[in-house]
Structure formats: C-alpha cells, structure tokens
Amino acid sequence: MADQLLFNPRTYDPAHFDPETRRLLRATVDWFEARGKRRLIEDYRSRAWLAEFLEFSAKEGLFATFLTPASAADGQPDKRWDTARIAALNEIFGFYGLDYWYAWQVTILGLGPVWQSDNATVRARAAELLSQGEVFAFGLSEKAHGADIYSTDMLLEPDGDGGFRATGSKYYIGNGNAAGLVSVFGRRTDIEGPDGYVFFAADSRHSAYRLVKNVVDSSKYVSEFRLEDYPVGADDILHTGRAAFDAALNTVNVGKFNLCTGAIGICEHAMYEAVTHAQNRILYGRPVTAFPHVRRELTDAYVRLVGMKLFSDRAVDYFRSAGPDDRRYLLFNPMTKMKVTTEGEKVIDLMWDVIAAKGFEKDTYFSQAATEIRGLPKLEGTVHVNLALILKFMGNHLFNPAEYDEVPTRLDAADDAFLFRQGPARGLGAIRFHDWRAAFDAYAEVPNVARFREQADALCEFVTTAAPDEAQSRDLDLLLAVGQLFALVVHGQLILEQARLTGLDADVLDELFAVLVRDYSAHAVELHGKDSATAEQQSWALGAVRRPVVDEARSARVWERVEALAGAYEMAP
C-alpha cells in the first residue's frame with residue numbers, strides 16, 4: 001500500500017483540486033512518466049534546453065492556467081493564482097528534475113512585477129505570452145552587486161521624448177535565453193535615491209538585448225545578459241520609485257516560496273531509490289536495512305521529509321489567507337526558503353550515507369538529486385540572509401501574541417489576489433502572531449513534543465534573562481546560532497498545526513520530534529561554543545540540552561513505514 005504522506009506517481013490523484021487542476025497535474029506526471037527515466041537522465045547530463053517540455057506546457061496551457069491571476073484571465077474560470085496548486089506542481093517538477101522546476105520558478109519571478117503593476121498594456125502582453133507558452137525572467141541580480149538592489153548599475157537615461165534608453169548588465173538571470181518578457185530592475189540617471197528606481201519590461205529577442213552566456217553548466221539557462229541603449233517607452237514601465245523597490249521584494253516573497261516544495265519533490269524521488277537499493281543490497285549475508293544504524297538514518301530521513309511537507313503545506317494556508325492585517329506569511333516565507341531546504345540537504349545526506357557509492361552512479365536519479373538539493377538553500381541569498389530575516393520576528397512571535405481567527409486548510413479554488421498588492425515591504429518587526437504555545441498544548445501527551453516544548457520554553461528564558469547585549473547584537477555569528485533555535489520553534493509549531501489538521505500518525509509525529517529535540521540540543525551546544533558567548537549564556541546553552549524520549553516499539557513501527565517504500569515506486573525506463 002502506498003504511503004499517503006509521500007508523492008507517488010503510481011497512485012497520485014489530487015482529488016482535492018478542481019477538475020481542470022487535477023487534469024493538468026496528472027497530465028504533467030504522465031508526460032514525465034512517458035518520457036522515462038533514461039531520457040530524463042540523458043537530458044540532464046547533456047544540458048539540453050527544455051524545448052519539448054515547454055512545448056508540452058504550451059499545448060496543455062499549463063503555465064497559462066496556473067500563473068495567470070483572475071484579474072488578467074479575461075473571465076476564463078480555470079485561470080487563477082492559486083498557491084496550493086502551484087505548490088503541488090513545484091513538488092512534481094522537483095520529483096522529476098530541478099531543471100524543469102527552475103524554468104517554471106523563474107517564470108513566476110518574472111511575472112511578479114508584472115502582476116503587481118497597473119500597466120494594462122504589459123499585463124495584457126504577459127497574459128498573451130503565457131497563453132502562447134512563453135517563459136519569463138526576473139532581471140534583478142548583477143555580477144558586481146548580487147541582489148543588492150540599492151546598488152544597481154542598470155542605468156536608464158531619459159531620451160527627451162518621455163522614455164529612456166537602458167544600458168547595463170544582469171547576471172544569474174534564469175530563462176534569459178528565451179524569455180518573452182524580462183522584468184528588469186534599474187535606476188534613472190537623472191534622479192538620485194529611491195525615487196529613481198524603475199522596473200521595466202524587456203524582450204530577450206530585441207536587437208538591443210545581448211545574451212552573453214549561460215553562467216552555469218546545466219540545462220538551467222542562468223544567463224548573463226546586457227542591454228545596450230535599449231529603448232524603454234512609457235508602455236514598458238512597470239513601477240517607479242519606492243514602488244519598484246517594493247515590487248522586487250514582494251516578488252521574492254511570492255516566488256522564492258517555491259524552493260520548499262521543489263526540495264520536497266527531490267527528496268521523495270531520491271528516497272524511493274535509496275530505500276529500494278538498501279533493502280535489496282546484501283552485505284555480510286544480510287540486507288543493508290538489517291543494520292541498526294541504517295534503520296536510524298533512513299527513519300530520520302523519512303520523518304524529516306514528512307516534517308518538510310507538513311510545514312510547507314501549512315505555510316500555504318497562511319499565504320492564501322494573508323491580508324493587510326495578517327502578514328504572518330512573511331515569517332513563514334524565509335522559513336520555507338531556509339529551514340525546509342536545509343532539511344532537504346540533511347535528508348539526502350542521511351540516505352547517501354546508506355547507499356554510499358550507489359549515489360554517484362549515472363543511471364540513478366539520486367546522483368542529480370545529491371547535486372541539485374545543494375542549490376536550493378542558496379538560490380535566495382544564503383541561509384544566513386534568511387536567518388537574519390527570521391530573527392526580526394522573534395520578539396513578537398515568542399512574547400506578544402495577538403488574536404486571529406484560525407486559518408483553515410486552504411485547498412479551495414480561489415485567486416490569491418493579495419500577493420500582488422502586498423504594499424510597502426517594511427514594518428516586519430511590528431507583525432504580530434497567534435500564540436505558538438497552543439499548537440504544542442494540543443500534543444502535550446506526545447513524549448517528544450513535550451520534551452521539545454521544554455526547549456522552546458527555555459529559549460523564551462534565554463531571551464528574557466541572557467539575551468545578547470549591545471556588543472553581541474553586532475556579532476552575526478552568535479545571532480545566527482540563536483536564529484537556528486528560534487527557527488526550530490517555528491518549524492515545530494506549523495508541523496503540529498498541520499498534524500492536527502491531517503490526523504498525522506502519532507508514532508510518526510513522536511519520532512519526528514525526537515529528531516527536532518536532537519537538533520535543538522546540537523544548536524544549543526553550538527551557541528555554547530561561540531567566541532563571544534558569556535558565561536551565563538554558556539550555562540543556559542548546556543541547560544537547554546535534552547535527550548529525546550526513547551521508545552523502541554514506536555521506532556520499530558515507524559521503520560515499518562520506511563521499509564514499505566522499497567519497491568513502492570520506480571520510474572519507467
């Protein structure tokens with residue numbers, strides 16, 4: 001029997017979605033399955049551009065249906081921006097290959113400034129390009145500055161006729177080789193400061209658009225391009241001034257959320273391969289899975305993956321229910337970008353320790369999974385960037401709860417219109433949250449949830465009695481260790497909320513929190529060893545270390561779930 005917690009193409013039936021969404025998701029799975037594992041691996045190895053995949057997408061109207069908001073859909077009822085079904089498609093793309101996910105992900109980013117714009121001409125052009133099966137690009141990063149948008153060197157010179165001539169280069173721009181529309185961030189030469197920012201639409205086929213190269217050795221076309229005296233008319237302007245700055249950050253809020261479900265898909269496919277190989281490999285006269293350390297590693301990988309899915313699914317609900325008075329999604333977004341993706345790295349590493357040399361073999365999905373999983377935590381700055389962002393929310397989240405209506409599971413066929421009218425990208429420290437303790441209280445009888453709750457309460461004690469002083473507040477190395485502890489509390493909270501909504505098996509939940517207890521202890525020990533940690537902080541750190549509650553019968557029952565994955569799915573040749 002298929003594990004209901006993991007995606008399995010053999011049994012996949014997204015019955016919780018509307019008929020057209022179900023058809024498109026299933027058609028996508030069927031296209032990949034018909035293509036077969038050998039062809040997918042060869043395309044990955046040969047760095048082939050995704051032309052046939054994009055032809056399929058265009059024929060089915062996949063991108064157009066999923067990525068056209070209702071406001072631009074001209075009354076077509078199946079077109080909407082629905083974060084739940086976007087997340088489902090992310091998982092499928094990650095399952096079959098990150099190159100496919102990347103072309104889709106970058107299209108989402110390129111569309112962000114467009115759908116936030118009041119420019120009806122560009123919006124109509126984007127909707128038409130989507131219907132034709134075109135991809136999009138997000139021209140933000142630069143070689144010298146990365147994503148430091150304060151320092152952009154894409155310069156727009158007024159042309160005297162109400163338009164501009166744009167000159168400059170962009171770097172790390174996905175789909176830059178083929179995008180029908182590139183949303184480009186720059187600044188005017190005649191206005192200083194933030195009022196000079198401009199977001200405009202460019203066409204990669206224009207003669208003043210020069211494609212320099214693909215900066216990576218991959219099917220993912222991560223381009224460097226240069227504009228040379230590129231004409232920018234009034235009909236090309238998406239945003240100006242502070243609104244352009246906000247559009248950049250708000251686009252990241254919408255688009256980089258997709259990192260988490262891409263990582264989940266990668267880990268799921270790799271897990272089927274790893275468990276099947278380990279179960280079938282005989283070592284010293286026994287299956288590899290007979291060894292206790294192997295069972296622990298594969299079980300840890302499994303429950304970590306389940307935790308990734310639970311957190312991400314619950315975060316979708318907060319995105320879809322967000323509004324001007326509920327911006328909690330702005331914490332859960334960097335959590336998905338940082339915490340879920342780094343969990344993905346741990347999942348792959350645990351399985352790789354088991355299958356060893358098999359993970360290098362060229363005829364496995366695992367070999368590309370082991371490479372591609374590394375990129376996801378790094379596609380939005382670094383882990384450190386997101387941890388620093390997460391820390392902005394810690395005070396209000398831990399100590400200053402507000403009353404909110406409970407957010408339900410959001411699988412309804414609704415358009416997530418607020419994501420394109422998020423407003424100014426500031427005021428993060430003022431965002432309030434519901435009481436995190438309620439999620440833990442609901443599972444107080446689960447031994448390792450209770451044990452982890454002790455550690456969460458200890459973090460509150462740390463912040464009130466041993467918080468970093470003024471000098472330490474400039475020590476980012478110390479603060480990031482604190483950020484890891486706080487991130488674990490948020491991670492555990494949403495996992496528990498989703499566990500309650502889905503009726504998660506108590507054994508799986510207990511085993512998962514045993515892992516989180518160990519993780520918290522490890523980060524506490526790391527904090528203890530920081531150069532600037534005070535004696536009081538060191539004492540607190542060791543006092544926060546806990547041993548998970550051991551239950552051999554529980555662990556054995558969870559192992560049975562893992563063992564059942566052997567042979568549960570193998571991609572057609």
Side-chain angles (χ1 to χ4, degrees), residues 2-10 12 29 32 37 40-41 44 87-102 105 257-279 294 296-316 335-355 358-360 364-379 383 491 495 498 504 508 511-512 515-516 519 558 561-566 568-571:
D3 190 310
Q4 298 303 308
L5 297 177
L6 302 187
F7 169 73
N8 185 333
R10 291 181 179 175
Y12 183 60
V29 171
F32 282 114
K37 183 177 181 179
L40 287 184
I41 291 173
Y44 177 78
L89 192 54
N90 282 326
E91 186 176 359
I92 291 170
F93 286 153
F95 190 92
Y96 289 107
L98 203 66
D99 291 345
Y100 306 96
W101 171 90
Y102 185 73
Q105 144 79 3
F257 176 80
N258 300 309
L259 297 169
C260 62
T261 35
I264 288 165
I266 290 174
C267 291
E268 286 171 320
H269 197 156
M271 178 158 281
Y272 287 119
E273 277 196 346
V275 176
T276 299
H277 171 72
Q279 182 77 348
V294 167
R296 181 192 62 78
E297 288 177 318
L298 291 178
T299 299
D300 282 3
Y302 173 79
V303 295
R304 284 187 187 277
L305 176 53
V306 169
M308 292 165 65
K309 295 199 71 169
L310 293 168
F311 183 93
S312 301
D313 286 348
R314 186 59 175 149
V316 165
M335 282 290 300
T336 59
K337 292 185 294 183
M338 182 282 294
K339 185 62 180 174
V340 176
T341 57
T342 54
E343 283 292 287
E345 288 188 288
K346 293 174 184 176
V347 169
I348 294 295
D349 285 342
L350 285 163
M351 294 189 295
W352 205 351
D353 282 346
V354 171
I355 67 171
K358 185 70 176 179
F360 294 99
T364 64
Y365 174 85
F366 197 99
S367 63
Q368 63 176 276
T371 298
E372 300 292 353
I373 199 69
R374 309 295 168 201
L376 290 170
K378 302 167 184 65
L379 280 176
V383 169
H491 189 57
I495 286 171
Q498 188 67 5
L504 181 70
V508 174
E511 196 76 19
L512 168 56
V515 170
L516 299 187
D519 286 352
V558 177
R561 298 179 68 110
V562 180
E563 189 175 31
L565 298 176
Y569 168 78
E570 185 172 357
M571 191 172 181

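All values below come from the heavy atoms of this structure, side chains included, with hydrogens, waters and symmetry mates left out.
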Please lay out, stage by stage, how Tyr302 and Glu297 fare under the test side chain to side chain donor-acceptor pair (under 3.5 Å).
CA-CA 9 Å; Tyr302 173 79; Glu297 288 177 318; over 6 Å; no

Audit row: Arg304, Asp519, side chain to side chain contact (heavy atoms under 4.5 Å, CB included) steps and yes/no:
CA-CA 11 Å; Arg304 284 187 187 277; Asp519 286 352; 2.8 Å; yes

Apply salt bridge (Lys or Arg N to Asp or Glu O under 4.0 Å) to the pair Lys309 and Glu343, showing each step before the final yes or no.
CA-CA 11 Å; Lys309 295 199 71 169; Glu343 283 292 287; over 6 Å; no

Derivation and outcome, side chain to side chain contact (heavy atoms under 4.5 Å, CB included), residues Glu563 and Leu298:
CA-CA 9 Å; Glu563 189 175 31; Leu298 291 178; over 6 Å; no

Run the numbers on Leu259 and Asn90 for side chain to side chain contact (heavy atoms under 4.5 Å, CB included), then give the verdict.
CA-CA 8 Å; Leu259 297 169; Asn90 282 326; over 6 Å; no

Please lay out, stage by stage, how Asp300 and Arg296 fare under the test salt bridge (Lys or Arg N to Asp or Glu O under 4.0 Å).
CA-CA 6 Å; Asp300 282 3; Arg296 181 192 62 78; 3.1 Å; yes

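Smallest separation of non-hydrogen atoms from His491 and Gly307: CE1-O, 4.1 Å. Summarising the geometry of Ala568 relative to Arg10, their closest heavy-atom pair is O-NH1, 3.0 Å, with the distance given to 0.1 Å. Val29 and Pro9 get closest at one heavy-atom pair: CG1-CB, 3.8 Å. Of all heavy-atom pairs between Ala369 and Ala270, the closest is CB-CB, 4.1 Å. Thr261 and Ala87 get closest at one heavy-atom pair: CB-O, 3.6 Å. The shortest heavy-atom contact between Ser312 and Phe257 is O-CZ, 4.1 Å.
Note: Tyr365 OH to Glu570 CD = 15.0 Å, rounded to the nearest 0.5 Å. The line from CG of Leu310 to CG of Leu512 is 7.0 Å long, rounded to the nearest 0.5 Å. In this structure, the separation between CG on Leu6 and CD on Glu91 is 8.5 Å, given to the nearest 0.5 Å. Separating the CG atom in Asp3 from the CD atom in Glu268 is a distance of 9.5 Å, to the nearest 0.5 Å. Within the model, atoms OG1 of Thr336 and CG of Asn258 stand 8.5 Å from one another, a figure rounded to the nearest 0.5 Å. Between the CG atom in Leu350 and the CD1 atom in Ile355 there is a gap of 12.0 Å [rounded to 0.5 Å].
With contacts defined as side-chain heavy-atom distances shorter than 4.5 Å, the pair Pro377/Glu345 qualifies. Put simply, the side chain of Leu565 reaches to within 4.5 Å of the side chain of Met271, judged on heavy atoms. At least one side-chain heavy atom of Cys267 sits under 4.5 Å from a side-chain heavy atom of Met308. Counting heavy atoms from C-beta on, the side chains of Val562 and Val275 come closer than 4.5 Å. The shortest side-chain heavy-atom distance between Phe7 and Ile264 does not fall under the 4.5 Å cut-off. For the pair Leu5 and Leu504, the minimum side-chain heavy-atom distance is below 4.5 Å.
Test Leu98, Ile348, Thr341, Thr342 against Ile373 for side-chain contact (heavy atoms from CB on, under 4.5 Å) and you get one pass: Ile348. Screening Tyr100, Phe95, Trp101 for a ring-ring contact (aromatic ring centres under 6.0 Å, His included) involving Phe32 leaves a single residue, Tyr100.
Remark: Arg374 engages Asp349 in a salt bridge, criterion side-chain N to carboxylate O under 4.0 Å. Between Arg561 and Glu511, none of the side-chain N atoms (NZ, or NE/NH1/NH2) sits under 4.0 Å from a carboxylate O, so this pair counts as no salt bridge.
Taking the six-membered ring for Trp and the full ring otherwise, His269 and Tyr569 have centroids separated by under 6.0 Å.
Judged purely by atom type and a 3.5 angstrom limit, Gln498 has no side-chain atom pairing as donor or acceptor with the backbone of Phe311. With hydrogens and angles disregarded, no donor-acceptor distance shorter than 3.5 Å links the side chain of Gln368 to the backbone of Tyr44.
Below 30°, between 30° and 60°, or above 60°: for Phe360 and Trp352 the angle between ring planes is between 30° and 60°, a tilted geometry.
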